[in-house]
Novice: 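Below is the structure I would like to discuss, written out as structure tokens.
Remember, predicted model here, so these are calculated numbers, not experimental data.
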Amino acid sequence: MYLSRALATAALAAGLTFTTLTTTASAAPSAPQEALARCGFYGDDVPAPATMHYKAGSWFRGGPYAECDGYKTPSQGWAAATCYFINDYGSKWYYASDWRSWVYSGNVTFPIDGEPAPTNRC
């Protein structure tokens, strides 16, 4: 009886020690994991957005990071851009208010009558 209690106590102590060690040893979140935590961030809806032209194959994403979920456009098109955001990697993204998503600045132009890109930050 005493032996079985002693073994059970030792097993429980070993299990708690193992759990503590594995929990303490876990790594800090990676940069992509931190970026994913910022997905779902929406920009500002302003009354007079700029019109941007996006390239065929552009990704519209749920946040201003390549790691965020999104969809790839099969063809070129137009969208309203209300603001911009520079993410932790230094990449500039525009918020497309009519799509409620983000597009990377390298995939868009602002060609309509010399209309400038949005100057307000999200």
Novice: Decide yes or no for V103 and M52: does some side-chain heavy atom of the first lie under 4.5 Å from some side-chain heavy atom of the second?
Specialist: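 Side chain of V103 against side chain of M52, heavy atoms only: contact under 4.5 Å found.
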Novice: Where is the tightest heavy-atom contact between A50 and P116, given as atom of each residue plus distance?
Specialist: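 Scanning both residues completely, I find the closest heavy atoms to be CB-O, 3.4 Å.
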Novice: Test question: given the 4.5 Å side-chain rule for I, L, V, M, F, W and Y, name all other residues clustered with W59, or answer none.
Specialist: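 Its cluster partners, ordered by chain and number, are none at all.
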Novice: By the side chain to side chain donor-acceptor pair (under 3.5 Å) test, which pairs, at least two apart or in different chains, include something from residues 71-80?
Specialist: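 Every side chain to side chain donor-acceptor pair (under 3.5 Å) pair that includes a residue of residues 71-80, provided the two are not neighbours, is H53-Q76, Y71-S101.
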Novice: The criterion is ring-ring contact (aromatic ring centres under 6.0 Å, His included); which residues satisfy it with Y84, sequence neighbours excluded?
Specialist: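 Y84 satisfies ring-ring contact (aromatic ring centres under 6.0 Å, His included) with no other residue.
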Novice: Shortest non-hydrogen contact from A81 to P118?
Specialist: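 Reported closest heavy-atom pair: O-CG, 3.4 Å.
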Novice: Please say yes or no: joined through hydrophobic side-chain contacts below 4.5 Å, possibly via intermediate residues, are F110 and W99 part of one cluster?
Specialist: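 Yes; tracing contacts between hydrophobic side chains, which count when under 4.5 Å, links both residues.
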Novice: With no hydrogens and no angle check, is any side-chain donor or acceptor of N87 less than 3.5 Å from a backbone partner on P64?
Specialist: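 Looks like yes, one N/O pair under 3.5 Å.
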Novice: Per the ring-ring contact (aromatic ring centres under 6.0 Å, His included) rule, which among W93, Y94, Y54 passes with Y104?
Specialist: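 Result for ring-ring contact (aromatic ring centres under 6.0 Å, His included) with Y104: W93.
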Novice: For A56, enumerate each residue passing the side chain to side chain contact (heavy atoms under 4.5 Å, CB included) test, keeping only those at least two apart in sequence or located in another chain.
Specialist: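 Scan of A56 (side chain to side chain contact (heavy atoms under 4.5 Å, CB included), adjacent residues dropped) gives none.
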Novice: Is the backbone of D69 close enough, under 3.5 Å, to the side chain of R61 for a donor and an acceptor to pair up by distance?
Specialist: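 No: the side chain of R61 does not pair with the backbone of D69.
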Novice: With rounding to the nearest 0.5 Å, note down the distance linking CH2 in W102 to OH in Y65.
Specialist: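 Answer for the CH2-OH pair, W102 versus Y65, is 10.0 Å.
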Novice: What are the two closest heavy atoms between C122 and Y95, and how far apart are they?
Specialist: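 In this case the closest contact between C122 and Y95 is SG-CB, 4.1 Å.
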Novice: Roughly how far apart are I86 CD1 and R121 CZ, rounded to 0.5 Å?
Specialist: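 Nearest 0.5 Å value for the CD1-CZ distance: 4.5 Å.
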